[in-house]
Student: 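Dropping a structure here in structure tokens format, bear with me for questions.
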Amino acid sequence: MSHLLARSARCVAALGPGRRLRSGLPGAASPAVTANRDGWELCVGLELHAQVKSVTKAFSPAAVVFGAAPNSNVDPLDAGMPGTLPVLSERMVDAGLVTALALGCTVNQRSFFDRKHYFYADMPAGYQITQQRVPLAQSGKVVLGHGADETSVRVERLHLEHDSGKSIHTLSDRYTLVDLNRCGTGLMEIVTKPDIRSGDQAAEFVQQVMLMLRTLGTCDGNMAEGSLRVDANISVRPAHTEGFGTRCEVKNISGLRFLSKAIEYEASRQRAVLEGGRELLPETRGFDPSSGKTVRIRGKEGETDYRYMPEPDLPPLVLSNEDIAATREAMPELPRETVLRLVAEYDGLTPHDAWVLLFEPGGVEYFEAAASGLDTKHHSRLYHWVTSELYGLLHRDSITVAETTVSAERLGGVVQLVGDDAVSGVAGKQILAAMAEGEPGSAEDIATRLGLVQVSDAAALEAFCREVLTANPAELKLYQDSQNPKYIKFFMGQVLRASKGSANPKRVQHLLAKLLDEASK
């Protein structure tokens, strides 16, 4: 985003005084996917609250540090002190703009801030600064699936706002504690149309957006730390009908698995209420992971309850055509584009495989670096070694791809040896484990040093096979009489033992079949 920083002087002029510089697996008009269950159709719209990855807050200079001591990063503005004025963070605008473009949204060159009033202890000012009338961007979409399964979820809008603080109810049954460290942190709220038809589809949507945010560097997408939170607006309607049923909102869902479960439970609850002839009330609900159920929090608020009004202390947010074009030009390759490219460039790779590589930070770059020195016929095998063997070591040692001591070139060497039958798959795993433990040298060097290179010479292997058959006449006679394949396995084991594990199993099996056939005639 360096070009955005370079244009800060032009942005300040456009936005007016007070703006400051900040530093800091997966389109149609509506989805083809429908889920008709017992005569009902599920309709879900999502609201994603993505915390802007920034060192300071949306409208104040207070720091953004997860896990800091309670109330240690609070500016007078965040505390709602009289006489304080908001100053818009350029970093939040930059993050919102590039995210909106990545979502395929139309950017409003002139957008406005508003006050959304509600009275909670963790919002001392009594209102939130948001964008209700004219958001930063609108009318985007996210494409899910591939080929015949491809569908899309429409994005209604992306707007900028700030977060509330955090109320802590669990330390006492007599009072609530308030931590304002989070209050004022910049948020991008991404709101979808009610195009989602299942809990799994909702999870897929959030997962793709999470990867997009991480790729752009605008949000770390850490749901466990609350930097990405999801609200689900859920309703059901009779199948093959228009319009929507009564909507209930499930707030602050903190994980993809919980999101899917919350939606499926809430849909079944609503169906049960309607089928029982009872009235379904619009509610705000929460999800209890321990019971797997949604629970009522309060009745659903309407827009009039928030008493929206224009924010008098902030000018309109104005972006020029040059600002938008420069941001679009500097955008990196987006996750779905990466998936389509990987499938086209690497033999045997499926869209699912490509998404798996993307989900591990640095996985795609590692795979491509390893593949650069391999024959194309080994690409599918390389994917298995990266996602199964390497990722297994990373997770065991709690490290990332960037932290591994096994370079992409060295793992590519292991895959080449296994693919060329120079070593067995088991031996390849031993070589990889040795690399992870700090063994120096290439895969070939380590294989030679550890005595793992397979014997593939036909004459040498035939000598091993004939020696074994001669040494085991009783088993040879039993095979000749019964043709039972278990004796082939027995001879295979004896050959591998005689060769101290160095014989190429595939070639041994072929030679044994030939020699046993000759001996049975």
Student: Is the shortest side-chain heavy-atom distance between P505 and M492 below 4.5 Å?
Tutor: yes
Student: Does this structure show an ion pair linking K53 with D220, if we count only N-O contacts that are shorter than 4.0 Å?
Tutor: no
Student: Restricting to side chain to side chain contact (heavy atoms under 4.5 Å, CB included), what partner residues turn up for L393, sequence neighbours left out?
Tutor: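 Scan of L393 (side chain to side chain contact (heavy atoms under 4.5 Å, CB included), adjacent residues dropped) gives R396, L432, A436.
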Student: Does a donor on one side chain and an acceptor on the other come within less than 3.5 Å for W40 and Q270?
Tutor: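 Distance-only check fails for W40 and Q270.
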Student: Looking at every heavy atom in both A370 and A408, which two are closest together, and how far apart are they?
Tutor: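 Residues A370 and A408, closest heavy atoms: CB-O, 3.4 Å.
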Student: Testing the 3.5 Å rule here: is there a donor-acceptor pair between the side chains of H378 and W385?
Tutor: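 Absent: no donor and acceptor within the cut-off.
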Student: Consider only side-chain N and O atoms of E47 and N233, and report whether a donor and an acceptor are under 3.5 Å apart.
Tutor: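 Yes.
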Student: Is there a side-chain contact between V236 and E41 (heavy atoms, below 4.5 Å)?
Tutor: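 No; the side chains remain at least 4.5 Å from each other.
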Student: Is it the case that Q51 and H49 place a side-chain donor and acceptor less than 3.5 Å from each other?
Tutor: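 No donor-acceptor contact under 3.5 Å links the two side chains.
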Student: Are the side chains of M92 and S54 in touch, meaning some heavy atoms are under 4.5 Å apart?
Tutor: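 SC-SC contact between M92 and S54 ruled out.
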Student: Side chain of R197, backbone of P194: donor and acceptor closer than 3.5 Å?
Tutor: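 Yes, R197 side chain to P194 backbone: donor-acceptor pair under 3.5 Å.
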Student: Which heavy atom of V250 sits nearest to which heavy atom of E266, and what is that distance?
Tutor: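 Here V250 and E266 meet closest at CG2-CG, 4.3 Å.
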Student: What are the two closest non-hydrogen atoms of T99 and L213, and how far apart are they?
Tutor: CG2-CD2, 3.6 Å
Student: Go through V230 and F205 one step at a time and tell me if the side-chain contact (heavy atoms from CB on, under 4.5 Å) criterion holds.
Tutor: CA-CA 11 Å; V230 182; F205 173 85; over 6 Å; no
Student: Measure from the side-chain N and O atoms of E437 to the backbone N and O of A434, and report whether any donor-acceptor pair falls under 3.5 Å.
Tutor: no
Student: Quick one: does T130's side chain have a donor or acceptor within less than 3.5 Å of a partner on Q132's backbone?
Tutor: no
Student: Tell me whether R410 contacts the main-chain N or O of G441 through its side chain, where contact means a donor paired with an acceptor under 3.5 Å.
Tutor: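 Flag set: sc R410 to bb G441 pair under 3.5 Å.
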Student: Could you tell me whether the side chain of E264 and the main chain of G199 form a donor-acceptor pair under 3.5 Å?
Tutor: yes
Student: Using atom types as modelled and distance alone, determine if a side-chain donor or acceptor of E444 lies under 3.5 Å from a backbone N or O of L417.
Tutor: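 Not confirmed, E444 side chain does not pair with L417 backbone.
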Student: Using a strict threshold of under 4.0 Å (side-chain N to carboxylate O), is an ion pair present between E333 and R341?
Tutor: yes
Student: Taking it one step at a time, do S89 and K57 satisfy side-chain contact (heavy atoms from CB on, under 4.5 Å)?
Tutor: CA-CA 7 Å; S89 160; K57 295 185 180 180; over 6 Å; no
Student: Under 3.5 Å, is there a donor-acceptor pair linking the side chains of S139 and T106?
Tutor: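 The criterion, which ignores hydrogens and geometry beyond distance, is not satisfied for T106 and S139.
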Student: Do K116's NZ or CZ and the ring of Y308 fall within the cation-pi criteria of under 6.0 Å and 45°?
Tutor: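 Judged by the rule, K116 and Y308 form no cation-pi pair.
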Student: Check D288 with K293, please: is the shortest side-chain N to carboxylate O separation under 4.0 Å?
Tutor: no
Student: Is it the case that the side chain of S372 and the backbone of A369 share a donor-acceptor pair, with hydrogens and angles ignored and the cut-off at 3.5 Å?
Tutor: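 Answer holds: yes.
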Student: Test your reading of the model: is there a side-chain donor-acceptor pair from E403 to the backbone of T400, 3.5 Å cut-off?
Tutor: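 Such a contact is found between E403 side chain and T400 backbone.
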Student: Just checking, any donor-acceptor pair under 3.5 angstrom between side chains of S320 and D323?
Tutor: yes
Student: If I take atom CD1 from residue I190 and atom CG from residue L46, how far apart are they, to the nearest 0.5 angstrom?
Tutor: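 Reported to 0.5 Å precision, the distance equals 10.5 Å.
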Student: Between the side chain of S227 and the main-chain N/O of N222, is any donor-acceptor distance below 3.5 Å?
Tutor: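 Here the side-chain-to-backbone pair exists.
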Student: Going through the distances and angles, do Q131 and D114 end up as a side-chain hydrogen bond (donor to acceptor under 3.5 Å, both in side chains)?
Tutor: CA-CA 5 Å; Q131 292 185 302; D114 305 280; over 6 Å; no
Student: With rounding to the nearest 0.5 angstrom, report the OG1 to CG distance, T218 to D94.
Tutor: 11.0 Å
Student: From M331 CE over to L101 CG, what is the distance, rounded to the nearest 0.5 angstrom?
Tutor: 6.0 Å
Student: If you count every heavy atom of other residues, nucleotides or ligands that lies below 6.0 Å from H510 atom NE2, does the total exceed 12?
Tutor: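 No, not enclosed.
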Student: Can you find a pair of side-chain heavy atoms, one from L390 and one from H384, that are under 4.5 Å apart?
Tutor: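 Of all side-chain heavy-atom pairs linking H384 with L390, none is under 4.5 Å.
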Student: Side chains of I234 and C248: does their closest heavy-atom pair fall under 4.5 Å?
Tutor: no
Student: Counting C-beta onward and ignoring hydrogens, is there a side-chain heavy-atom pair between M435 and T405 closer than 4.5 Å?
Tutor: no
Student: What I want to find out is whether E389 reaches R381 closely enough, with some N-O distance under 4.0 Å, to be called a salt bridge.
Tutor: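 A salt bridge is absent here (no side-chain N lies under 4.0 Å from a carboxylate O).
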Student: So, taking the atom named OG1 in T294 and the one named CD in E283, what distance separates them when rounded to the nearest 0.5 Å?
Tutor: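 It is 8.0 Å, given to the nearest 0.5 Å.
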Student: Assess whether ring-ring contact (aromatic ring centres under 6.0 Å, His included) is satisfied between Y346 and F367, documenting all intermediate values.
Tutor: CA-CA 10 Å; Y346 295 98; F367 173 84; 5.2 Å; yes
Student: Start with the C-alpha distance between T192 and E156, add both sets of side-chain angles, then the distance that settles side-chain contact (heavy atoms from CB on, under 4.5 Å), and finish with yes or no.
Tutor: CA-CA 5 Å; T192 80; E156 180 177 341; over 6 Å; no
Student: Would N108 and S111 satisfy side-chain hydrogen bond (donor to acceptor under 3.5 Å, both in side chains), going step by step from the backbone distance to the final call?
Tutor: CA-CA 6 Å; N108 291 315; S111 59; over 6 Å; no
Student: So with a 6.0 Å cut-off around CD of E225, is the heavy-atom count from everything else above 12?
Tutor: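 Atom CD in E225 is packed in, count exceeds 12.
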Student: Okay, side chain of R182, backbone of S164: is any donor-acceptor separation there less than 3.5 Å?
Tutor: yes
Student: If you measure from NZ on K429 to OG on S388, what distance do you get to the nearest 0.5 Å?
Tutor: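 K429 NZ to S388 OG: 8.5 Å, rounded to 0.5 Å.
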Student: To the nearest 0.5 Å, how far apart are CG in L340 and CD in E345?
Tutor: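 Those atoms lie 11.0 Å apart.
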Student: Looking at every non-hydrogen atom in both residues, tell me the closest pair between A95 and V52 and how far apart they are.
Tutor: CB-CG1, 3.8 Å
Student: Taking NZ, NE, NH1 and NH2 as the nitrogens, is one of them in E249 or R285 under 4.0 Å from a carboxylate oxygen of the other?
Tutor: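 Between R285 and E249 there is no salt bridge, as every charged N stays at least 4.0 Å from the carboxylate O atoms.
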Student: Please output the side-chain donor-acceptor pairs of residues 251-263 that fall under 3.5 Å, not counting sequence neighbours, one pair per line with the distance.
Tutor:
from	atom 1	to	atom 2	distance (Å)
K251	NZ	D231	OD2	3.1
S260	OG	D200	OD1	3.1

